[in-house]
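One structure below.
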Amino acid sequence: MKSMTGYGHAVYRTDNYFIECEIKGYNSRYLDIIHNISSSLASFEELVDAAIKEKAKRGRVEVSLKLHVIKSSVELAIDEGLAVAYRDAYKRLASITDSASPVLSDYTAVEGILTPLKTDEASVYQSGVESVLAEALEAFGNGKIREGEGTRKDLVRLGAQFESSLDCIKSRSGELEAHYRTLLEEKYEELTGRKAGDSDFISELGAILVRYSINEEISRLTVHIAEYNKLVSSEEPVGKKLDFLCQEMQRECNTIASKSQLVEINLLVVSMKDDIENIREQIRNIE
């Protein structure tokens, strides 16, 4: 089990440059990768995405990949003809206006006199990108696993609490049936003045007890909790499956509450519903 939250950071250094990579993970319904990549490394975006998808199946992942150049191999070309033309023009302008001679900054401000010749190719940085990305992703992935294991422990504990309450309801389901039987017998005798034992009453009692029985809900919840325990122990991404399962468990608990008139059972249902809410809060953090 992995959390959607995590953090990884790494730096790759050479004499000429260093590359810094930072990866942050947040909760999100789907996998959403947000890039902040230096323009010189933009061609590695697909490589970055592919590597992240190996570590994250769901969540918002923010990745920063920055290039810091210490010593560049970029050269500058000088347009000598353009520089001479501006020099001559400046001299004539100075003689006409009786102003100071031009300085170097006057020439460098002219577009086209100095032109950078890009000799640094992106391929130069590939090994550095791959190295720093792998290191940052390892830390990111370890963080996701560490937090995920903490969440798994909470989910196991909450599942055990839910199952314990369900076992108590199972043991008291017969009391609920006896409660309704007694209630109906008393009401029948009060309204008809006859003993609650004739065939008409027995037939009606059976139909009512079937309607208010919680045995089916208990059976379905027993199946659901078994599936829950299976998912919680899985190493695959199970967040969405657990969320759907919680909806089904909540529905069965609501049905039991609507059928039961026993305070003891209703209090157990309240505890189970609280467990479900806590479970759903926890699974918002996992893949």
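Bear in mind the structure is a predicted one, so any value in this text is a computation, not a measurement.
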Path from [X] to [Y] over hydrophobic side-chain contacts below 4.5 Å:
| X | Y | result |
| --- | --- | --- |
| Tyr7 | Val61 | no |
| Leu47 | Leu31 | yes |
| Leu155 | Met272 | yes |
| Ile279 | Val156 | yes |
| Met249 | Val270 | no |

| task | Test His9 against Glu135 for side-chain hydrogen bond (donor to acceptor under 3.5 Å, both in side chains), laying out the working first. | result | CA-CA 8 Å; His9 177 266; Glu135 186 178 345; over 6 Å; no
Mind listing the closest non-hydrogen atom pair of [X] and [Y] along with its distance?
| X | Y | answer |
| --- | --- | --- |
| Phe44 | Tyr125 | CZ-C, 4.2 Å |
| Asn215 | Ser173 | OD1-OG, 4.0 Å |
| Gly159 | Tyr228 | CA-CE2, 3.5 Å |
| Leu137 | Ala51 | CD1-CB, 3.4 Å |
| Phe140 | Lys24 | CE1-C, 4.0 Å |
| Cys168 | Leu268 | CB-CD1, 3.6 Å |

| said: Under the rule for salt bridge (Lys or Arg N to Asp or Glu O under 4.0 Å), what residues qualify as partners of Lys170, not counting sequence neighbours? | reply: Asp167
| said: Just to verify, what does Arg220 make a salt bridge (Lys or Arg N to Asp or Glu O under 4.0 Å) with, not counting sequence neighbours? | reply: Glu216, Glu217, Glu252
Applying side chain to side chain donor-acceptor pair (under 3.5 Å), name anything that partners [X], two or more places apart in sequence or on another chain.
| X | answer |
| --- | --- |
| Glu130 | Gln126 |
| Arg60 | Glu62 |
| Lys153 | none |

More than 12 foreign heavy atoms under 6.0 Å from [atom1] of [X]: is that the case here?
| X | atom1 | result |
| --- | --- | --- |
| Lys91 | NZ | no |
| Asp15 | CG | no |
| Ile78 | CD1 | no |
| Lys241 | NZ | no |
| Glu138 | CD | no |
| Arg29 | CZ | no |
| Lys230 | NZ | no |

Would you confirm whether [X], through its side chain, and [Y], through its main-chain N or O, come within 3.5 Å as a donor-acceptor pair?
| X | Y | answer |
| --- | --- | --- |
| Thr222 | Ile218 | yes |
| Ser260 | Ile256 | no |
| Lys57 | Lys53 | yes |
| Thr14 | Tyr17 | yes |

When you compare the side chain of [Y] with that of [X], does any pair of heavy atoms fall below 4.5 Å?
| X | Y | value |
| --- | --- | --- |
| Asp88 | Arg92 | yes |
| Ser127 | Tyr12 | yes |
| Glu236 | Met1 | no |
| Ile19 | Val11 | no |
| Ile23 | Lys55 | no |
| Glu149 | Lys2 | no |
| Ile214 | Ile169 | yes |
| Val232 | Val238 | no |

To the nearest 0.5 Å, what is the distance between [atom1] ([X]) and [atom2] ([Y])?
| X | Y | atom1 | atom2 | result |
| --- | --- | --- | --- | --- |
| Lys273 | Asn278 | NZ | CG | 13.5 Å |
| Asp275 | Ser165 | CG | OG | 6.0 Å |
| Met4 | Asn27 | CE | CG | 4.5 Å |
| Lys259 | Ile265 | NZ | CD1 | 12.0 Å |
| Asp154 | Ile286 | CG | CD1 | 11.0 Å |
| Cys253 | Leu221 | SG | CG | 5.0 Å |

| request: Please determine, by modelled atom types, if Ser40 and Ser38 share a side-chain donor-acceptor pair under 3.5 angstrom. | output: no
| said: Please evaluate residues Ile70 and Asn16 with respect to the criterion side chain to side chain contact (heavy atoms under 4.5 Å, CB included), reporting the C-alpha separation (whole Å), side-chain torsions for both, the decisive distance (0.1 Å), and the verdict. | reply: CA-CA 5 Å; Ile70 300 170; Asn16 296 331; 5.7 Å; no
| request: Would you check, one step at a time, whether the test side-chain hydrogen bond (donor to acceptor under 3.5 Å, both in side chains) holds for Thr151 with Asn285? | output: CA-CA 8 Å; Thr151 301; Asn285 301 320; 5.1 Å; no
| task | Using the six-membered ring wherever Trp is involved, compare the ring planes of Tyr86 and Tyr90 and label them parallel, tilted or perpendicular (cut-offs 30° and 60°). | result | tilted
| Whichever hydrophobic residues join Val263 through chains of side-chain contacts under 4.5 Å | Leu267
Can we say [X] and [Y] salt-bridge, meaning some charged N sits less than 4.0 Å from an Asp/Glu carboxylate O?
| X | Y | result |
| --- | --- | --- |
| Glu235 | Arg152 | yes |
| Arg284 | Glu281 | yes |
| Glu287 | Lys144 | yes |

| query | After noting the C-alpha distance and the side-chain angles of Gln247 and Leu245, does the key distance pass the side chain to side chain contact (heavy atoms under 4.5 Å, CB included) rule? | reply | CA-CA 5 Å; Gln247 294 178 41; Leu245 191 60; over 6 Å; no
| Worked check of side chain to side chain contact (heavy atoms under 4.5 Å, CB included) between Leu67 and Glu20 | CA-CA 7 Å; Leu67 172 66; Glu20 184 178 17; over 6 Å; no
| request: Go through Leu65 and Asn36 one step at a time and tell me if the side chain to side chain contact (heavy atoms under 4.5 Å, CB included) criterion holds. | output: CA-CA 6 Å; Leu65 191 65; Asn36 183 11; over 6 Å; no
